[in-house]
Amino acid sequence: MTVQHTLNGSDTAAFGLPIGITLDRFIKRQQSQFPSAVGDLSQLLRDIALASKIVNREINRAGLSGLAGTAGSTNVQGEMQQKLDLAAHIRFVRAFNNGGEVAGIVSEEEEEIIYTEYPTGKYVVALDPLDGSSNFDTNVSVGTIFSVYRRVSPVGSQPTEADFLQGGRRQVAAGYVLYGPSTMLVFTTGNGVNGFTYDPSLGEFMLSHPLIQCPAEGRIYSCNEGYFSTYDESVRAYLNQCRDRGCSARYIGAFVADFHRNLLKGGIYLYPGTSTQPDGKIRLLYEAYPMAWLAEQANGQAISTSQPILDVRPDALHARTPVFAGSTQMVTELAGLVSNQNLSGQHRIAQVEL
Ligand code: AHG
Ligand code: MN
Ligand code: MN
């Protein structure tokens, strides 16, 4: 006997709304638009999603499991490493090692290139395993940032610095995971920016923010105003304009969280050079490039002092750059002030007259 499954309107309501598109299905659909693609990049994105679920679990339990707190070591930048910095680094490296698509990794937490067990991998990844980790002990949002390149060195050999120093316009995938009140994966492969929210009960990232567009105008500015007196004249003038206009200051101190809010609501994130650190703090390969590409893909902008971040030539794996990213109109205004001040093209930092 055939069982008839017929649902009427009230039954459908009782079963709730459709749950939507999983990350996996989304990736498959994207891949099917490129018949020549063999699926390596898709698998790499799945590896990232898997590692981020594990990191998410560890973050959620860190206060109980002893993973909170400093590790007692410093990274290549001389910054104190948190235990979670190292845990996240290990999880992502292990995921790439098991995946087979990635031949080499540059991580904020290690000075040198990490070679995976797969020199046959076509891709290399630059990674900030845990961004904003100094927020971590107080249960404030943190993130992971990643940037993927197709390698230029021969597949089968060990990857080289040149694979990582191709420049931001050569990225083939980039994104971040935000571990906030909910966990989100936001990424681009060059066809717009899509955001997925993690449903812990299903263990799946679900498409929740398709084709994110950054509002062209914004009313939020995000920077560490404690360093105001060390910023150059044009940046100080811009911040004064923001204040005069009644913009809101919002600064979490985690690039991922500050960028994400401004991407959705409209605003500008600023990490300028300071008198002691002319290139600021944000790392080009695994913080600035991926966020700059996301900004541009969402109709926003991201500049260093005088040019789009994606056009900044990288000269070292852990190089830094000033960052001004977000709503097009805000970034353009700031760029105007910078170029007026700096017609000679020199990057000038105010020293002491403040
Ligand atoms: P990380 O934790 O990966 O070292 O990055 C921290 C960065 C960035 O997330 C944040 O915007 C910035 O540092 C905050 O720096 P300040 O404390 O100097 O404002
Ligand atoms: Mn970071
Ligand atoms: Mn970090």
Side-chain angles (χ1 to χ4, degrees), residues 51-52 55 58-59 62 67-71 73-93 105-111 114 125-147 174-180 186 220-231 235 239 249-263 267-292 294-295 302 309 317-326:
S52 70
V55 170
E58 283 171 350
I59 284 174
L67 263 181
T70 57
S73 47
T74 53
N75 65 14
V76 55
Q77 283 89 13
E79 297 156 349
M80 205 52 158
Q81 287 173 314
Q82 307 287 317
K83 286 186 211 167
L84 237 321
D85 282 324
L86 299 178
H89 168 86
I90 289 168
R91 292 300 182 191
F92 277 93
V93 170
I105 305 159
V106 162
S107 164
E108 182 191 352
E109 305 308 332
E110 269 198 46
E111 186 157 5
I114 301 161
V125 177
L127 182 73
D128 179 355
L130 201 67
D131 172 66
S133 54
S134 63
N135 278 331
F136 182 73
D137 279 354
T138 49
N139 205 13
V140 178
S141 297
V142 290
T144 294
I145 313 176
F146 60 90
S147 161
Y176 58 81
V177 183
L178 171 60
Y179 310 97
V186 176
I220 297 173
Y221 68 101
S222 310
C223 71
N224 191 333
E225 282 195 280
Y227 304 154
F228 185 85
S229 63
T230 71
Y231 297 153
V235 175
L239 292 175
R250 293 279 183 276
Y251 189 66
I252 294 167
F255 189 17
V256 170
D258 282 308
F259 179 89
H260 180 74
R261 182 200 49 245
N262 295 355
L263 184 69
I268 184 169
Y269 174 91
L270 311 92
Y271 208 110
T274 66
S275 43
T276 50
Q277 284 193 298
D279 290 328
K281 180 178 179 189
I282 301 298
R283 275 62 55 118
L284 185 58
L285 258 62
Y286 40 83
E287 294 180 314
Y289 276 157
M291 297 308 225
L294 289 165
I309 285 174
L317 297 177
H318 298 279
R320 299 174 194 262
T321 179
V323 171
F324 308 96

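In each ligand, atom 1 is the first atom listed, and ligand 1 is the first ligand listed.
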With a 3.5 Å distance limit and no angle check, can you tell me whether [X] reaches the backbone of [Y] through a side-chain donor-acceptor pair?
X      : Y      : result
Arg320 : Pro278 : no
Asn135 : Val142 : no
Ser147 : Ala174 : no
Asp258 : Ile252 : yes

Item checked: Any residue meeting ring-ring contact (aromatic ring centres under 6.0 Å, His included) with Tyr179, in chain and number order, not counting sequence neighbours -> none
Note to self: Looking only at N, O or S atoms in Glu287, which is nearest to the Mn ion (ligand 2)?
What the structure shows: OE2
Margin query: Give me the number of protein N, O or S atoms whose distance to the Mn ion (ligand 3) is under 2.8 Å.
Written below: 3
Next item on the list: Decide if the gap between the ring center of Tyr269 and the ring center of Phe324 is smaller than 6.0 angstrom.
Entry: no
Check: Any side-chain heavy-atom pair from Leu284 and Ile309 closer than 4.5 angstrom?
Finding: yes
Item checked: Minimum side-chain heavy-atom gap Ile145-Val256 below 4.5 Å ->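 Result yes, sub-4.5 Å side-chain heavy-atom pair found.
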Checklist line | Atom-level proximity to ligand 1, residues with heavy atom under 4.0 Å | finding: Glu79, Glu108, Asp128, Leu130, Asp131, Gly132, Ser133, Asn224, Tyr227, Tyr251, Gly253, Ala254, Phe255, Tyr269, Tyr271, Lys281, Arg283, Glu287
Margin query: If I compare all heavy atoms of Leu178 with all of Ser141, which pair ends up nearest, and what's the gap?
Written below: CD1-CB, 4.0 Å
Next item on the list: Please collect all salt bridge (charged side-chain N to carboxylate O under 4.0 Å, His left out) contacts where either partner lies in residues 74-88, sequence neighbours excluded, each pair once.
Entry: Glu79-Arg283
